[in-house]
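Reading through the structure tokens given below for one structure.
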Amino acid sequence: MALAAIELAEIEQVLASYGAAPQAYLELRQKFPHLAWIRCDASDVTETPYRSFGAFDLHLLDSADHCAAITDDPARATGIVLAKRATGS
């Protein structure tokens, strides 16, 4: 199931309100269980983030084809990679 524009707006709102709090990831996974969720360190992702909020980089994940890939097209996104940046970066 692809990421709807209203869902992306809600995800961005949660990330903006939590800053660096780890609760953001848990809340988002519970609120959007139909999306694939990956949490990692920002240094593990070489692609430019779709958006950044506080200590998090938000990447869109396209897993519709054989191999999963980062995308900048919300219409193709089926998941989220939430990459946490080190404090002060």
Side-chain heavy atoms nearer than 4.5 Å, only ILVMFWY residues, links allowed to pass through others: does that put Val81 and Leu60 together? no
Joint hydrophobic cluster, Phe32 plus Val14, side-chain heavy atoms closer than 4.5 Å: yes
How long is the gap from NE2 on His59 to OG1 on Thr46, to the nearest 0.5 Å? 8.5 Å
Output the distance between atom CD (Glu27) and atom CG (Leu15), rounded to the nearest 0.5 Å. 9.5 Å
So, using side-chain hydrogen bond (donor to acceptor under 3.5 Å, both in side chains) as the criterion, who are the partners of [X] when residues are at least two apart?
| X | result |
| --- | --- |
| Asp41 | Ser43 |
| Asp57 | Ser52, Arg85 |
| Glu47 | none |
| Glu10 | Lys31 |

Can you list everything that forms a side-chain contact (heavy atoms from CB on, under 4.5 Å) with [X]? Sequence neighbours excluded, please.
| X | result |
| --- | --- |
| Ala68 | Leu61, Ser63 |
| Ala4 | Ile6, Glu7 |
| Arg29 | Tyr25, Trp37 |
| Glu12 | Leu8, Tyr50, Arg51, Phe53, Leu58 |

If we only count heavy atoms from C-beta on, is the Leu35 to Ile11 side-chain gap below 4.5 Å? yes
Applying salt bridge (charged side-chain N to carboxylate O under 4.0 Å, His left out) as the test, list every pair that has at least one member in residues 71-80; sequence neighbours left out. Asp62-Arg76, Asp65-Arg76
